[in-house]
Amino acid sequence: MTDEEKLTQEQTDERLINEAFQELLDRYLASRHRRKVELITKAFNFARQAHKGVRRRSGEPYILHPIAVARIACVEIGLGSTSICAALLHDVVEDTDYTVEDIENLFGPKIAQIVDGLTKISGGIFGDRASAQAENFKKLLLTMNDDIRVILIKIADRLHNMRTLGSMLPSKQYKIAGETLYIYAPLANRLGLNRIKTELEDLSFKYEHPETYQQILEKLKSTQSERENVFEAFTAPIRAQLDKMGLPYKILARVKSPYSIWNKMQTKHITFEEIYDILAVRIIFTPKTEEEELNDCFNIYVAISKIYKPHPDRLRDWVSHPKANGYRALHVTLMSNMGQWIEVQIRSERMNDIAEQGFAAHWKYKAGNYNEEERDGELSKWLRTIKEILDDPQPDALDFLDTIKLNLFASEIFVFTPKGEIKTMPQNCTALDFAFSIHTFLGSHCIGAKVNHKLVPLSHKLQSGDQVEILTSKSQKVQPSWINFATTAKAKAKILAILKREKKELQQQGEDIINDFFQQAHIEQTEEKLQRLCELHNVKDFDELAAAVGQHAFELNDSDLNELKDKPAPTTWKKFFNFGGKPKQEERKQEPEAKLNIDKKKVLKLTPDAIQKNYIIADCCKPIPGDDVLGYIDDNNRIIIHKRQCPIASQLKSSFGNRLLAVQWEIGKALNFPVNVYIQGIDGIGLLNKVTEIISNELSVNIHKLSIEVNDGIFEGRIQLYVHDVDDVNTICNNLKKVEAIKKVTRIEGFDDQIAD
């Protein structure tokens with residue numbers, strides 16, 4: 001590059017940076033926050049100097065990223081000057097020689113504390129190793145409790161990274177999109193950031209399944225005019241009624257997001273055309289007074305219910321009982337004159353702000369400055385639950401993340417105590433979960449419950465509105481089977497911690513008994529003799545032996561003595577066991593296989609030869625050519641091919657992103673792969689014959705397995721076939737759909753998979 005070109009580039013960069021910062025200032029000045037332009041400008045100039053000469057992977061000056069994050073924090077989350085400064089400075093400590101102390105000296109302790117929190121969880125939640133990942137995630141959650149603005153800015157940072165993900169390698173795209181769906185989108189949802197949650201989901205979907213994403217966008221575009229006509233016809237009488245009420249209002253059409261549509265297609269095994277709730281209607285009104293807000297909501301509900309008949313089971317009152325993330329609205333589903341159910345969401349302007357911007361929006365409606373005591377009670381309760389789980393973390397990082405995820409994704413129900421106090425609980429929770437939510441002692445000693453004054457088992461699932469009384473006994477102990485029907489993160493964590501503690505106590509008792517046994521028999525306690533005892537009692541190691549002896553599963557007696565005296569121990573024992581029963585990991589590990597020579601920056605081609613020699617098709621999701629897939633390098637240096645939407649792949653993306661590979665099918669029609677197809681319809685004579693004729697004769701596809709059941713005139717069938725690719729599956733499904741009696745045809749992963757209604 002010549003000096004003249006360098007000068008031109010610098011001038012262009014300067015103009016871009018100044019324009020971006022000025023736009024941030026303009027948006028900040030248009031907000032309701034106090035005017036601290038001088039402090040924000042100081043932070044901008046400091047960050048600009050710190051990142052001078054550094055560029056992002058996309059080629060743009062690095063400082064544009066902190067500006068963009070600050071803009072998201074200000075405009076899309078509603079944060080003020082402290083957060084804007086912290087966002088502008090969020091990468092300075094990590095990427096330059098400046099320290100947190102430097103930030104504190106220049107900008108004060110609060111901004112420094114937030115920047116420090118962001119630095120601790122930098123580089124995404126996840127490290128290269130699972131243990132590091134779990135530690136970083138714990139740090140993130142603990143930091144949330146110090147200042148919620150840390151995670152809000154982190155979400156803003158992730159949103160901008162997702163918006164600029166196109167410049168990354170495909171394997172990195174899968175990793176970042178995967179962890180975004182796994183952690184960041186649920187976090188945004190839990191914090192009430194609905195708009196951001198939706199965008200994070202859609203961007204993840206776009207990079208993981210680009211073709212499907214584009215297809216759904218095109219279908220939404222082609223059906224847009226039809227939806228607009230439905231919206232206008234449906235809302236016209238509602239507008240007339242609201243005009244009579246004299247409340248200022250606006251009515252908006254809410255269209256289901258591409259990810260939400262795709263997710264429903266996957267879980268319900270239906271097509272785009274079969275989704276009937278793509279359109280919803282949102283009424284946003286300005287109440288007469290703040291005190292009248294709740295009454296106005298219900299008055300609007302009564303008024304529109306006179307126009308259209310409401311669905312009796314689909315009224316959701318989030319006004320009287322807000323969700324844990326602060327969400328308030330009244331949801332009602334009405335039958336339109338065109339014969340379709342349409343959901344209507346009724347919100348005040350304040351409720352709408354909180355729905356879109358989450359907890360940050362609360363501050364806009366409070367006088368004075370934000371302080372710790374003003375945090376929403378439900379958020380504090382959720383953070384306390386997270387901290388309790390962190391006190392008893394799972395040893396396995398994936399288990400730990402899954403435990404946390406139970407809390408992130410949970411939808412809420414409302415349950416009453418015997419004294420009438422209301423408790424927010426996750427949907428599908430059990431009486432046992434409720435017991436642990438009140439107190440660990442109550443949970444660990446409960447023997448049953450009374451729900452609405454009727455005796456129920458601990459596994460009983462609670463419904464919204466239930467009144468629950470927990471019955472306890474001092475003699476009751478935590479049972480291992482409880483883990484099977486505990487659903488909340490807190491209950492699972494406590495049960496596992498108690499069982500683990502009890503097992504350790506039993507092991508200690510068992511070790512004491514074994515020591516006494518050897519001493520009284522005057523036999524030297526060696527590794528070889530301990531191994532012999534394990535073999536005699538069919539246990540795998542010393543820990544298991546000690547636990548079994550401790551709980552008196554069997555007793556050590558004279559026959560054990562005779563065996564120990566008469567039979568020498570195998571000479572190979574030391575390879576697997578050291579004294580005290582701890583496995584020697586370095587000795588037990590198998591020799592690693594020869595390393596594959598893999599260039600992670602390239603897209604690997606899945607050719608017929610490579611499939612048969614180098615790669616393994618994952619049994620959990622059974623991908624075939626045409627499916628969106630990725631490669632994963634396992635512990636034995638093998639490459640496993642997963643579908644990108646496979647639940648196991650989702651965990652791998654969020655945990656072992658550095659092991660992911662971008663792969664591409666180049667297999668043609670060379671190999672056959674097993675697929676399972678589910679069919680459902682109205683039973684009739686000769687129907688099975690038609691099905692087999694279409695598959696075998698017309699399409700020349702081999703049927704490997706077939707199962708048909710008929711109940712009350714409705715048949716269900718599962719067929720396992722061998723095909724070349726996804727196109728073959730689509731052809732089979734489309735041809736079967738032409739049979740009048742067949743009402744549903746869909747591909748399923750397992751032959752015995754259950755189909756959701």
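Atom set for the values below is all heavy atoms of this structure, side chains included, hydrogens, waters and symmetry mates excluded. Owing to the predicted nature of the structure, the values given are computational and were not obtained by experimental measurement.
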inquiry  = Test side-chain hydrogen bond (donor to acceptor under 3.5 Å, both in side chains) on Y678 and R718; report intermediate values, then the result.
reply    = CA-CA 5 Å; Y678 171 87; R718 287 170 173 78; 5.4 Å; no
Check the surroundings of atom [atom1] in [X]: do more than 12 heavy atoms from other residues, nucleotides or ligands lie under 6.0 Å from it?
| X | atom1 | value |
| --- | --- | --- |
| K172 | NZ | no |
| K737 | NZ | yes |
| E274 | CD | yes |
| K264 | NZ | yes |

query = Where does the angle between the aromatic ring planes of W262 and Y259 fall among parallel (under 30°), tilted (30 to 60°) and perpendicular (over 60°)?
reply =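 If you compare the ring of W262 with that of Y259, the planes turn out tilted.
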inquiry  = Tell me every residue that passes side chain to side chain donor-acceptor pair (under 3.5 Å) with K602, counting only those two or more places apart in sequence or in another chain.
reply    = none
Within the 4.5 Å heavy-atom criterion, are [X] and [Y] side-chain neighbours or not?
| X | Y | answer |
| --- | --- | --- |
| E199 | I196 | no |
| N161 | H65 | yes |
| V344 | H331 | no |
| M168 | I176 | yes |

key: Working for side-chain hydrogen bond (donor to acceptor under 3.5 Å, both in side chains), residues D433 and T430   = CA-CA 5 Å; D433 295 316; T430 62; 3.0 Å; yes
task = Before giving the answer on side chain to side chain contact (heavy atoms under 4.5 Å, CB included), spell out for D728 and V701 the whole-Å C-alpha distance, their side-chain angles and the decisive distance to 0.1 Å.
result = CA-CA 9 Å; D728 285 358; V701 174; 5.8 Å; no
task = To the nearest 0.5 angstrom, please state how far the NE2 atom of H704 sits from the OH atom of Y722.
result =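 Between H704 NE2 and Y722 OH, I get 4.5 Å after rounding to 0.5 Å.
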inquiry  = Please report the interatomic distance CD1(I216) to NE2(H209), rounded to the nearest 0.5 Å.
reply    = 10.0 Å
request  = Scan residues 210-222 for pairs that pass side-chain hydrogen bond (donor to acceptor under 3.5 Å, both in side chains), counting only residues two or more places apart or in two chains.
outcome  =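 Applying side-chain hydrogen bond (donor to acceptor under 3.5 Å, both in side chains) to every pair that reaches into residues 210-222, excluding sequence neighbours, yields nothing.
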query = Is there a side-chain hydrogen bond (donor to acceptor under 3.5 Å, both in side chains) between E226 and Q224 once you walk through the steps?
reply = CA-CA 5 Å; E226 182 186 333; Q224 185 177 343; over 6 Å; no
Any side-chain to backbone donor/acceptor pair from [X] onto [Y]? Under 3.5 Å, distance only.
| X | Y | value |
| --- | --- | --- |
| Y207 | G166 | yes |
| S260 | S257 | no |
| K197 | A185 | no |
| N697 | I694 | no |
| S336 | Q340 | yes |

request  = Report yes or no: is the cationic atom of K705 (NZ for Lys, CZ for Arg) under 6.0 Å from the centre of the six-membered ring of F751, at an angle within 45° of the ring normal?
outcome  =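 Because its charged atom sits under 6.0 Å from the ring centre and within 45° of the axis, K705 does stack over F751.
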query = Can a donor-acceptor pair be found between the side chains of D91 and Y62 at a distance below 3.5 Å?
reply =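 Y62 and D91 do have a side-chain donor-acceptor pair below 3.5 Å.
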query = Using a distance-only test with no angle check, is there a side-chain donor-acceptor pair under 3.5 angstrom linking S167 and R56?
reply =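 Short answer, no.
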Chi angles and distances behind the side chain to side chain contact (heavy atoms under 4.5 Å, CB included) call for R158, L200 = CA-CA 8 Å; R158 174 49 58 114; L200 288 173; 4.3 Å; yes
Member of V723, L721, T746 meeting the side-chain contact (heavy atoms from CB on, under 4.5 Å) criterion with V677 = L721
